[in-house]
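All residue numbers in this chain count up from 1 along the given sequence. As the structure lists them, so they are numbered: ligands from 1, and atoms in each ligand from 1. Atom set for the values below is all heavy atoms of this structure, side chains included, hydrogens, waters and symmetry mates excluded.
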Amino acid sequence: PARIDAAPPGCSCRTNHPAGAPMPGNLSFAELQDAVASGEIDTVLVAGIDMQGRLMGKRFHAQHFVDRAWEETHACNYLLATDLEMFTVPGYAAASWTRGYGDYVLKPDLATLRRTPWLEGTALVLCDILDHHTHREVPHSPRAMLKAQVARLEAMGYRAMMATELEFYLFEKSYQALQADGYRQMATFSAYNEDYHIFQTTKEEDVMRAIRNGLAGAGVPVENTKGEADAGQGEINIRYDEALETADTHVLVKNACKEIAWAKGRGLTFLAKWSHSHGGSSSHVHQSLWTLEGKPAFFDSSAPHGMSALMRSWMAGQLAHAADVTYFLAPYVNSYKRFQAGTFAPTRICWSVDNRTAGFRLCGEDSHAVRVECRIGGSDLNPYLAAAALIAAGIDGIERGLALEDAFTGDAYEAEVPRIPATLRDAADRLEGSGLLRAAFGDAVVDHYVRAARWEVEEYNRVVTDWEIARGFERA
Ligand code: ADP
């Protein structure tokens, strides 16, 4: 095949990170063509991102990808209208049996091309999801939703830099064995709290080292992995980047962690709360705005804590709309089990200076790295939706010049301030009534996600759980 020397449209290597050069695992299209010609790469994973933040797509023979499929491929439009079980959920306007479940276009974004060294001979590309007929982005596609908010911010002269820390639990047994056991007697990989614990995490190195090195080889700027505050709990940190790159990386990291754990015969979960007697898993979102020229716009050396007026308005917007955006930070019934007092997961909407009991925490005070960490999100969040909603809230704070309340001090679990919605039903009500999100995303998009939230509640209400049986079988 002819070598494409001029990169196809949309193909740019990531060179704009303020902290450094592109990572070696990233591939230009020409590099992929060479690797296919030499036989080094024979498979290309082509994946869009669904409402749950999962990679959904096809495995292409690499030759066909570089010849033809790099332009587009197709997938059933139910991919943006299913639940975690891939059920054909009723009640969506955009996709249904009545509308015949047609196709969407998966359009590879060649700027996301990379090696995936933990899968032999394989590269991966993420896709935008387009309408089959108009070739415009599907409005409720998570990646499209984030791109739209990023574009609004860019029109204001800013870029959102974000990091989404990811916590998870590692189990002794494989996914297959855990499922066969009915998810009972689930032994975590270590037996006691492993927060920052080097010896404990040494036992997990078989998996964690493969994850760090695999991701680094895929062009992901891994900062570290560490033990977290419970038996078997870990965290992976990736260097902050622009919101879209951070979201792309987040979904790749989750997929890689599961694939690598699976290959090593272990189970690994990003459920927000896999057991009521263990700590929850979060995905805290660190955020700062930078000018288009690459200057940190949240820093003002002459202001208290080094927080610029822009940063104060951004945080005020996020505090004002925290309950409205909670659905996008906590999308399942299970997500709300994480919000327990005294667990490091927040329950209250307030901000603090480096105080982990509040929903929003100021980090890096009085430095160029001054930023806000939103602590509401669980490790089950969809990073595109979370970032899009947080940006919409922050923009509103800037546009309206909202004033920031005083920082909270003390134990926020006991604070007399608004609560984070305590259930998915409450969060869905807030989402449905959110003028902010309706203005930012459009009514059809908000209604689509309200339906997703309501469906989860309906399913939960329908199913009899083992807790009810154990509690009432004999005693009721
Ligand atoms: P640690 O808690 O291990 O010391 P840091 O507090 O330095 O780590 O960083 C936590 C996360 O915040 C990291 O993923 C990092 O990439 C990210 N981060 C650092 N600076 C910024 C910034 N200016 N904007 C957004 N995220 C940032």
Side-chain angles (χ1 to χ4, degrees), residues 14 16-23 146 149-150 153 158-168 194-198 201 208 211-212 215-216 219-229 233-254 256-257 281-301 303 305-308 310-312 314-315 318 344 351-358 360-377 379 381 383 386-388 390-391 393-394 398:
R14 298 169 182 207
N16 52 0
H17 192 282
M23 297 287 290
L146 177 54
Q149 298 310 306
V150 165
L153 202 52
Y158 300 110
R159 293 208 167 97
M161 303 301 285
M162 293 192 172
T164 52
E165 301 166 308
L166 256 177
E167 294 174 352
F168 52 82
E194 60 180 88
D195 207 12
Y196 298 99
H197 211 291
I198 297 300
T201 50
M208 299 318 302
I211 288 175
R212 288 191 308 274
L215 285 169
V220 173
V222 179
E223 289 186 341
N224 57 61
T225 59
K226 65 179 278 292
E228 262 300 323
Q233 193 178 29
E235 179 180 79
I236 181 161
N237 289 300
I238 310 298
R239 189 175 67 199
Y240 67 98
D241 204 335
E242 293 189 32
L244 184 65
E245 331 293 338
T246 290
D248 286 347
T249 302
H250 180 116
V251 293
L252 180 72
V253 167
K254 278 182 79 169
C257 286
S281 292
S282 61
S283 179
H284 301 151
V285 184
H286 288 252
Q287 316 157 54
S288 59
L289 292 191
W290 295 45
T291 65
L292 301 183
E293 296 75 43
K295 299 258 176 313
F298 272 7
F299 182 51
D300 178 351
S301 58
H305 310 299
M307 293 168 73
S308 66
L310 184 85
M311 179 176 189
R312 295 182 72 85
W314 179 266
M315 281 178 75
Q318 297 202 339
F344 286 110
W351 77 279
S352 71
V353 182
D354 198 13
N355 172 336
R356 285 189 163 82
T357 66
F360 295 82
R361 179 170 74 114
L362 178 76
C363 297
E365 65 172 322
D366 290 316
S367 79
H368 281 88
V370 66
R371 59 192 184 274
V372 54
E373 175 196 45
C374 172
R375 298 177 57 79
I376 300 173
S379 50
L381 59 69
L390 287 170
I391 291 173
I398 295 172

Numbering as shown, the atoms of ligand 1 that approach Ala163 to under 4.0 Å (heavy-atom distance): 14 (O), 17 (C)

Compare Glu165, Arg371, Met161 and give the one whose heavy atom is closest to atom 9 (O) of ligand 1. Arg371

Please check if any side-chain donor atom of Glu194 sits under 3.5 Å from a side-chain acceptor atom of Thr201, or the reverse. no

Would you verify that at least one protein heavy atom lies under 4.0 Å from atom 3 (O) of ligand 1, or report that none does? no

Hey, looking at atom 14 (O) of ligand 1, which of Leu289, Ile238, Val285, Thr246 has the closest heavy atom? Ile238

Enumerate the atoms of ligand 1 whose separation from the nearest heavy atom of Arg239 is less than 4.0 angstrom. 16 (O)

For the pair Phe299 and His368, name the ring-plane relationship: parallel under 30°, tilted 30 to 60°, perpendicular over 60°. tilted

Start with the C-alpha distance between Ser379 and Glu167, add both sets of side-chain angles, then the distance that settles side chain to side chain donor-acceptor pair (under 3.5 Å), and finish with yes or no. CA-CA 6 Å; Ser379 50; Glu167 294 174 352; over 6 Å; no

Determine, stepwise, if the pair Arg212 / Asn224 fulfils side-chain contact (heavy atoms from CB on, under 4.5 Å). CA-CA 7 Å; Arg212 288 191 308 274; Asn224 57 61; 5.9 Å; no

Could you name the option among Phe299, Tyr240, Trp290 that has the heavy atom nearest to atom 18 (N) of ligand 1? Tyr240

Considering both backbone and side-chain atoms of Asn224, is one of its nitrogen or oxygen atoms within less than 3.5 Å of a nitrogen or oxygen in ligand 1? no

Of all the non-hydrogen atoms in the protein, which one sits nearest to atom 23 (N) of ligand 1, and at what distance? Ser288 OG, 3.3 Å

Polar side-chain atom of Arg375 near backbone of Phe344 as donor-acceptor pair, under 3.5 Å: yes

Looking at ligand 1, does any of its N/O atoms fall within less than 3.5 Å of an N/O of Glu223? yes

